[in-house]
Amino acid sequence: MFDQAVGVLRSRLTALWPFGRTVVPAADTPGAAPAPAKARTAADPARGPHAKAAARHRRAALAWDRTELSTVGTAGPDVRITEHEVAVPGHPSVRVRIYHPPVAGGAPVPAVLAFYGGAFRIGGIDYPTTDASYRRRCVDAHVAVAAVAYALAPEHRYPTQVEQAYAALDWLMGAAGELGIDPSRIGVQGISAGGCLAAALTIVNRDRAKHPLMLQLLEVPVVDLTGSHLDLGAMRALGIPRFLTVRELRSVARTYLTHPRDAREAYASPLRAASHEGLPPAVILTAEYDPLRGDGDAYGAALRAAGVDASVVRYQGVTHDTVIFTGVLPAARRWHDDAVTALRRLHD
C-alpha cells in the first residue's frame, strides 16, 4: 500500500499539492508583494491577467478531476437532487445542492452540511469526484447531503466563506421541514479546507444561534492557518523538501485571508479558538503522508480537553487525497466506509 500511495502522490505533484488540488494564483506567488487593498475587493480579482490565469488553472483542475473519477474513483448512484440559493447578509449568496436519499413513507431524514476541499481557491460541488462522493454517502449513510458551493479565493476572501457556511446552516434549519429533513439530526462535514470551514461553523454556531448539531466529521482538515501544527515529517518521508510544504501553506493562507493577522482568529483557524467547549462530537480522519495530520491530532486533543467527544483516526500508508481513489485503493474504500459509519450516528 505504501508504494501505491507514494506513486499516486508523486504522479500528482506537478499539478497538485497534498493540501488538495491547489493552484497558486500569479498574484500570490512566493515572494510577491501583497496586493494593494483595492485589488482585494470582491470585484477587482474578477478581471485582468491573474483572473484569467486562475480560470485556466481551474478548468485544468476540473478536467483532471474528471479523469480521476473515471480512472481511479467510483461513480455515484442516481439520487434526487434539489438546488437552492441562500441569501448571505453582506456577502454573495451561496448555492446549496441537496442530495436526497430514497425515503419510504415520507419520514424526515438526518442531514449533513458538506464542504468540499481545494485550499479555498479551487474545487466545487460540481467536480465529478466530489459529486460522486456526496451521492455515495447520501445513499450508503441514508442521510441528506446539503453541499455548499462556497465562494472561492482570491476573488472572495475570509470571512465570506464562513458567513456563507453559517447562512447555509441557518437556512437548512429553518427549511428542514419542507425539505424532508429532521432539524434535530443535523451534522457538518468537511475535507481539507472544507474541514476548516466545517470546524469554524461549529464555533460560529455556538457563538450565535446555537442550532443543535450532532456531529462534525473532519477529514484531513486544516485548522490552523498559522502553520504552527504542520507535521513536516510526513513530507520528509516522501523526500519532499520542508520549504515546499511551508511555502504552500503560506500561499494558501495569503490567498484566503485578507490580512496575515486573520490567521489567528478562531473563525479562520478553529484550533486557535479561546474555548472549544460546547461543540458537537467530532470524528477526525487524517493520513500518514500528509503534513496536515498534525492539525487533526491537535484539534482532536483540544476538543477532548474541552470535554468534547472527539476521536482521531490516522490511516497508515496513505496521502491527503486518498479518499478519491476508491476504485484502486482498499484504504480509500475503508475511509469511505468509516465516514459512512460516522454519518450514521445522525440516525441515533
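Between Arg137 and Val323, the closest heavy-atom pair is NH2-CG2, 3.7 Å. Closest of all the heavy-atom pairs between Gly300 and Ala310 is O-CB, 4.0 Å. Across all their heavy atoms, Pro270 and Cys196 have their closest contact at CG-O, 3.7 Å. The shortest heavy-atom contact between Ser251 and Thr255 is O-OG1, 2.8 Å. Residue Leu225 comes nearest to Ala268 through the heavy atom pair CD1-O, 3.6 Å, listed as atom of the first residue, atom of the second, then distance. Shown here for Ile181 and Ala111, the closest heavy-atom pair between the two residues is CG2-CB, 3.6 Å.
Hydrophobic clustering of Ile, Leu, Val, Met, Phe, Trp and Tyr side chains at less than 4.5 Å, counting indirect connections, unites Leu217 with Val139. The hydrophobic clustering, which links ILVMFWY residues whose side-chain heavy atoms are closer than 4.5 Å, places Val340 and Val109 apart. Following chains of ILVMFWY side-chain contacts shorter than 4.5 Å, one can reach Ile98 starting from Ile81, so the two form part of one hydrophobic cluster. Val162 is connected to Met173 through a chain of hydrophobic side-chain contacts under 4.5 Å among Ile, Leu, Val, Met, Phe, Trp and Tyr, so both are in one cluster. By the rule that hydrophobic residues join a cluster once side-chain heavy atoms approach within less than 4.5 Å of another member, Phe325 and Leu69 end up as members of separate clusters.
Judged purely by distance below 3.5 Å, without hydrogens or angles, the side chains of Arg136 and Tyr134 never pair a donor atom with an acceptor atom. Using modelled atom types, one finds a donor on one side chain and an acceptor on the other under 3.5 Å when comparing His336 with Asp140. A donor and an acceptor atom, one from each side chain of Ser228 and Arg272, are located under 3.5 Å apart. A donor atom on one side chain and an acceptor atom on the other are found under 3.5 Å apart for Thr129 and Asp65.
Under the side-chain hydrogen bond (donor to acceptor under 3.5 Å, both in side chains) criterion, Thr67 pairs with no residue, sequence neighbours left out. With sequence neighbours excluded, the residues forming a side-chain hydrogen bond (donor to acceptor under 3.5 Å, both in side chains) with Asp338 are Tyr315, Arg334, listed by chain and number.
A side chain to side chain contact (heavy atoms under 4.5 Å, CB included) with Arg247 is found for one member of Leu244, Thr245, Leu249 and no other, namely Leu244.
More than 12 heavy atoms of other residues, nucleotides or ligands shown are found within 6.0 angstrom of CZ on Arg304. By the 6.0 Å contact criterion, CG on Asp78 is open, its count of non-hydrogen atoms from other residues, nucleotides or ligands being 12 or less. Other residues, nucleotides and ligands contribute more than 12 heavy atoms inside 6.0 Å of the CZ atom of Arg314.
Of the possible polar contacts, none joining the Glu219 side chain to the Ile284 backbone as a donor-acceptor pair under 3.5 Å is found. No donor-acceptor distance shorter than 3.5 angstrom exists from the side chain of His229 to the backbone of Tyr299, with no hydrogens or angles considered. Formation of a donor-acceptor pair under 3.5 Å by the Ser269 side chain with backbone atoms of Ala263 is found in this model. Using modelled atom types, one side-chain atom of Arg58 and one backbone atom of Arg121 make a donor-acceptor pair closer than 3.5 Å. Not one N or O on the side chain of Asp309 forms a donor-acceptor pair closer than 3.5 Å with the backbone of Pro281. Not one N or O on the side chain of Thr322 forms a donor-acceptor pair closer than 3.5 Å with the backbone of Val318. Side chain of Gln216 to main chain of Ala282: no donor-acceptor pair is present (N/O by atom type, distance under 3.5 Å, no hydrogens or angles). Although no hydrogens or angles enter the test, the distance criterion places a donor-acceptor pair under 3.5 Å between the side chain of Asp295 and the main chain of Val223. Arg95 contributes no side-chain N or O that, together with a main-chain N or O of Ala149, makes up a donor-acceptor pair within less than 3.5 Å. In this structure, the side chain of Arg157 engages the main chain of Leu257 through a donor-acceptor pair within 3.5 Å.
Taking the side chain as every heavy atom from C-beta outward, Ile125 and Asp131 never approach each other to under 4.5 Å. The shortest distance between side-chain heavy atoms of Leu113 and Gln189 does not fall below 4.5 Å. Using a 4.5 Å heavy-atom cutoff, the side chains of Leu215 and Leu343 are in contact. Proximity of Thr202 to Pro280: side-chain heavy atoms (C-beta onward) are separated by under 4.5 Å at one or more points. Gln164 is not listed as a side-chain neighbour of Ser93, based on a closest heavy-atom distance of 4.5 Å or more. Between Leu62 and Tyr127, the closest side-chain pair of non-hydrogen atoms falls below 4.5 Å. You'll find the side chain of Leu303 reaches within 4.5 Å of the side chain of Leu279, heavy atoms only.
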What side-chain donor-acceptor pairs closer than 3.5 Å can you find for residues 231-238, not counting sequence neighbours?
unit_1 : atom_1 : unit_2 : atom_2 : d
Asp231 : OD1    : Gly233 : N      : 3.2
Asp231 : OD1    : Arg293 : NH2    : 3.3
Asp231 : OD2    : Arg293 : NE     : 2.6
Asp231 : OD2    : Arg293 : NH2    : 3.2

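For Arg208 and Tyr166, the positive end sits near the middle of the six-membered ring, less than 6.0 Å away and at most 45° from its axis.
Classification of the His84-Trp171 ring pair by plane angle, with boundaries at 30° and 60°, yields tilted.
Checked against the 6.0 Å centroid threshold, His156 and Tyr150 do not count as a close aromatic pair. Aromatic pair Tyr158/Tyr267: ring centres not closer than 6.0 Å.
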*When you look at Asp126 and Arg97, which way does the salt bridge (Lys or Arg N to Asp or Glu O under 4.0 Å) test go after all the steps?*
CA-CA 10 Å; Asp126 296 318; Arg97 173 184 296 161; 2.4 Å; yes
